[in-house]
Each structure stands twice: as structure tokens, then as C-alpha cells.
Amino acid sequence: MLLAKAREEIASRCAAFGSDGLVVATSGNMSIRQGELVAITPTGVDYRTITPQDVVVMDLEGTVVDGDLKPSSEWELHLGALRATQDASVVHTHSPNATAVACLDGIREVPAVHYYVAMFGGTTLPVAPYARYGTPELAHQVEQVLAGHTGALMANHGAVVTGPGLAGAYVKAQEVEWLCDVYLKTLTAGRPSILSQAQVQTVIDALDSYGQ
């Protein structure tokens, strides 16, 4: 089985995708790139039942090279995100707070209401313009806004994040959801206090030496 370990990791993560509050039903998807191949979740399959054999392997042109099921309808979005960031993993979610923020009228970015925006490579969290799911247009919009970032919202849709590994990208998806929850709460409680670009940049710089 091609990319056996990657497919096993994806299937393992899928088991908690819904219970972690990141997706509902069969929405959302995740992928891992290894060399010239990408392992990606299948489309329209209950995440609680996905096995490693269900995970699809395709090349960087979108041709399926291993697996019996159809790949995620967002496979072009994944390839675009991988190109834009040069990361190796992508997680796309429909988590409620991130999706709610993405549905705000006219929103183009989530401002630096909290320094966690730095987790995604920039001083704000960008929002890609709306395009229908599963289209090249959506993939293009996301690829454009991910330049210089590792996370973004998609207008009236959801969120997408990338990381060097699936575990890290999964955590980023949870961090996007947390950040959007905080943003929504500040909007309802009063006027948010927004950090300056310089203040967020100091956090970006500090993250280079954060952790063990």
C-alpha cells in the first residue's frame, strides 16, 4: 500500500475529527504530502469509519495512483495550499466559530484581537473570497491568500491550515477555531482591542525560539 504510514495517520486523526468539533458529517478533509505523492481523505465517507485503505493517494497533478475511492472534492484546494506554503500537511475544517466568522459580511481578515494570529505566519488571519466548494476558483483564491501564511478562512465556507506534519496542522485547526471564538465573543461584548502589526511581529519573532 503506497504511503502506508501517512494513510494510517490520516485514518487515526479522522476518528476524532467530528468529536473534536472541527467538522460535521462528512465535511472537511486532510492530507499529507510525501515527495511527489499526496495521501488525502476520500469524499463523502463517515470519518468515524475511515480506514487506511480508504485514504486515497494522488500525484501532484491530481491523478489517483492508489485507492478505490474518490479523493476529497477539495483535492485542488489541498494541492494549492501545499504549493503556496511548501508545507507537507493540510487540514480543512468547518468548525462552527471559524465558519461563523467566515460568514461575516465583508470580512477580509481576522484582525489581531489576540496574538495567536502569529501562529499562522502573519499579523492577521486572511479570508479568501467566496467560491463554490470543490472548484479550481476556490483553490486559486486560497492559494493566493496563503502566500506568507499557514492558515486562512474561506468566506461563507470554513477554514484551512497547513503544517510540516499532520499533528501540527491539526493543532493549528484547533487554534483557528479558538481564535475565531475569541473574536466573536469580543464583537458581542464590545469593541475589540486590536494589536498593532509591530506587536504581533514581536510574537512572530519570539515563536522561533518557543518550546523545547
Side-chain angles (χ1 to χ4, degrees), residues 1-20 22-95 98-99 102 128 130-146 150-173 176:
M1 184 171 68
L2 283 175
L3 304 191
K5 289 185 178 180
R7 293 162 89 172
E8 290 168 3
E9 184 176 5
I10 288 173
S12 177
R13 289 282 171 188
C14 282
F17 215 10
S19 60
D20 282 343
L22 295 177
V23 298
V24 60
T26 61
S27 66
N29 26 75
M30 61 182 82
S31 66
I32 299 174
R33 175 180 177 177
Q34 288 187 359
E36 301 301 304
L37 297 176
V38 177
I40 188 168
T41 46
T43 188
V45 178
D46 188 331
Y47 286 113
R48 295 169 298 180
T49 67
I50 286 178
T51 67
Q53 290 76 17
D54 294 328
V55 178
V56 182
V57 178
M58 58 173 46
D59 63 22
L60 298 181
E61 302 301 319
T63 300
V64 173
V65 297
D66 196 19
D68 297 325
L69 301 179
K70 293 180 180 180
S72 166
S73 60
E74 300 288 18
W75 65 266
E76 289 179 282
L77 181 152
H78 282 251
L79 295 184
L82 293 170
R83 284 193 301 268
T85 63
Q86 296 300 301
D87 271 333
S89 293
V90 179
V91 176
H92 161 42
T93 72
H94 287 189
S95 53
T99 303
Y130 177 77
R132 186 180 69 80
Y133 79 92
T135 60
E137 181 184 4
L138 176 62
H140 175 73
Q141 301 282 22
V142 170
E143 186 171 357
Q144 294 297 304
V145 300
L146 280 178
T150 58
L153 301 184
M154 296 173 285
N156 304 92
H157 187 156
V160 59
V161 297
T162 68
L166 186 59
Y170 197 90
V171 170
K172 279 188 181 180
V176 166

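No side-chain heavy atom of Ser95 sits less than 4.5 Å from a side-chain heavy atom of Val176. In this structure, Met30 and Leu166 have side chains that are in contact, with non-hydrogen atoms separated by less than 4.5 Å. By the 4.5 Å heavy-atom criterion applied to side chains, Val160 and Glu74 are not counted as neighbours. The shortest distance between side-chain heavy atoms of Leu82 and Thr162 does not fall below 4.5 Å. Inter-residue side-chain proximity for Val91 and Phe17 is flagged as met; some heavy-atom pair is nearer than 4.5 Å. A heavy-atom distance below 4.5 Å is not found between the side chains of Lys5 and Ile32.
Considering Thr26, Thr135, Thr43 in turn, Thr43 is the only one that fulfils the side chain to side chain contact (heavy atoms under 4.5 Å, CB included) rule with Ser73.
Listed by first and then second residue, the salt bridge (charged side-chain N to carboxylate O under 4.0 Å, His left out) pairs that reach into residues 50-70 are Arg7-Asp66, sequence neighbours excluded.
Between the side chain of His157 and the backbone N or O of Thr99, no donor-acceptor pair lies under 3.5 Å. Judged by distance alone, with hydrogens and angles left aside, the side-chain atoms of Arg33 form a donor-acceptor pair with the main-chain N or O of Gly35 at under 3.5 Å.
To the nearest 0.5 angstrom, Thr51 atom OG1 is 10.5 Å from Glu8 atom CD. With rounding to the nearest 0.5 angstrom, the CG atom of Leu69 is 12.5 Å from the CD1 atom of Ile40.
Taking the side chain to side chain donor-acceptor pair (under 3.5 Å) definition, one finds that Gln141 meets it with nothing, sequence neighbours left out. For Asp20, the side chain to side chain donor-acceptor pair (under 3.5 Å) partners are Tyr170, not counting sequence neighbours.
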